[in-house]
Amino acid sequence: MFNFSFDKRMVYIIIAIMVLSTVVEYITNQGALFALLVSIPGVLLAITFHEFAHGYAAYKLGDNTAKNEGRLSLNPLDHLDPIGTLMLLLAGFGWGKPVHVNPTQYTRKISMEKGEAIVSVAGPLMNIVLAFLLALAYGALIKFASVGFLLSTVGNVIKLILSSAISINIGLGVFNLIPLPPLDGSKIIMPFCHIMQSNGLETMKQYFTSYL
């Protein structure tokens, strides 16, 4: 979940530089374009399931915002952010269209802060699970497919798509776990920070009280 507040013109400049660099690489390296095309299914899968997981987690906690906005969908067009998708393709990290949530609608069985942490961790966790399932599929392909198929053009393309999708999902999941705003990790870590802060204050209180 991303919500950028800085000047987006800087983002456009960075992307323009990356696009120019990529075009140059295409000219000098014939395999670069093929590698980009092979990565597209993985990018669509990673972003779609990541954002869907955020919306679904919020929905299960009682917030209908994502559902009302049509974000409980596995249609990639509902979740792709043009800049974030391009960044993921060119730079290996990126983001999808932000999923809007309303923490005040979460169930009162848990605090809003914990609810936000659960919704935030749902996206990266989905990517890690997807990477694991894709790795199983890749292993099954290697184990059970015939040698002739594995060495064929179709077999090689399928292997490249699977391996690329695994890498992209791991990259997107781990990147979003970094505890810095506006990444998901910044909201995931907040309950733990408050617990540590509360415990620290209580420990200091007990320490000074013992000497009074």
Problem - Nearest-0.5 Å distance that lies between atom CG in Asn102 and atom CE in Met112 - result: 9.0 Å
Handout entry: Any donor-acceptor N/O pair, Asp81 side chain to Gly84 backbone, under 3.5 Å
Key = yes
Problem - Connected hydrophobic set around Val121, excluding itself, where side chains approach under 4.5 Å - result: Leu177, Ile188
Fill in the blank from the handout: Using a 4.5 Å side-chain heavy-atom cut-off and chaining through intermediate ILVMFWY residues, the residues clustered with Leu141 come out as Leu45, Phe49, Phe52, Tyr56, Tyr59, Leu72, Leu74, Met126, Leu130, Leu134, Tyr138, Ile142, Phe149, Leu150, Val154, Ile158, Leu162, Ile166, Ile170, Val174
Exercise for the section: Working to the nearest 0.5 Å, report the span between NE2 of His54 and NE2 of His79. Expected result: 11.0 Å
Handout entry: Side chains of Val119 and Lys60 in contact at under 4.5 Å (non-hydrogen atoms)
Key = no
Completion exercise
So CG of Asn68 and NE2 of His100: to nearest 0.5 Å the spacing works out to 13.0 Å
Practice task
Start with the C-alpha gap between Leu80 and Val43, add the side-chain angles, then the distance that decides, and say whether side-chain contact (heavy atoms from CB on, under 4.5 Å) holds.
Solution key: CA-CA 10 Å; Leu80 296 183; Val43 169; 5.6 Å; no
Exercise for the section: Taking the side chain as every heavy atom from C-beta outward, state whether Asn176 and His50 have any atom pair closer than 4.5 Å. Expected result: yes
Practice task
State plainly whether one hydrophobic cluster holds both Leu136 and Val129, where clusters connect Ile, Leu, Val, Met, Phe, Trp and Tyr through side-chain heavy atoms under 4.5 angstrom apart.
Solution key: yes
Problem - Heavy-atom pair of closest approach, residues Pro124 and Gly173 - result: CB-O, 3.5 Å
Handout entry: Closest non-hydrogen atom pair between Pro76 and Thr48, with its separation
Key = CA-OG1, 3.2 Å
Practice task
With the side chain counted from C-beta on, respond yes when Tyr106 and Val101 share a heavy-atom pair under 4.5 Å apart, and no when they do not.
Solution key: yes
Validation: residues 31-39 side-chain donor-acceptor distances under 3.5 Å, sequence neighbours left out:
from	atom 1	to	atom 2	distance (Å)
Ser39	OG	Leu36	O	2.6

Fill in the blank from the handout: Looking only at heavy atoms, the pair that brings Asp78 and Ser73 closest together is OD2-OG, 2.8 Å
Exercise for the section: Might you point out which heavy atoms bring Val99 and Arg71 nearest each other, and give the distance in Å? Expected result: CG2-NH2, 3.6 Å
Problem - By side chain to side chain donor-acceptor pair (under 3.5 Å) - contacts of Gln105 (at least two apart) - result: none
Problem - Residue pairs, two or more places apart or on separate chains, that pass side-chain hydrogen bond (donor to acceptor under 3.5 Å, both in side chains) and touch residues 159-172 - result: Asn127-Asn169, Asn156-Lys159
Handout entry: 4.5 Å side-chain heavy-atom contact, Ser186 and Leu180
Key = no
Exercise for the section: Grab the two heavy atoms, one from Glu51 and one from Lys97, that are nearest each other, plus how far apart they are. Expected result: OE1-O, 3.4 Å
Completion exercise
Residues at least two apart in sequence or cross-chain that pass side chain to side chain donor-acceptor pair (under 3.5 Å) with Thr65, listed by chain then number, are Asp63
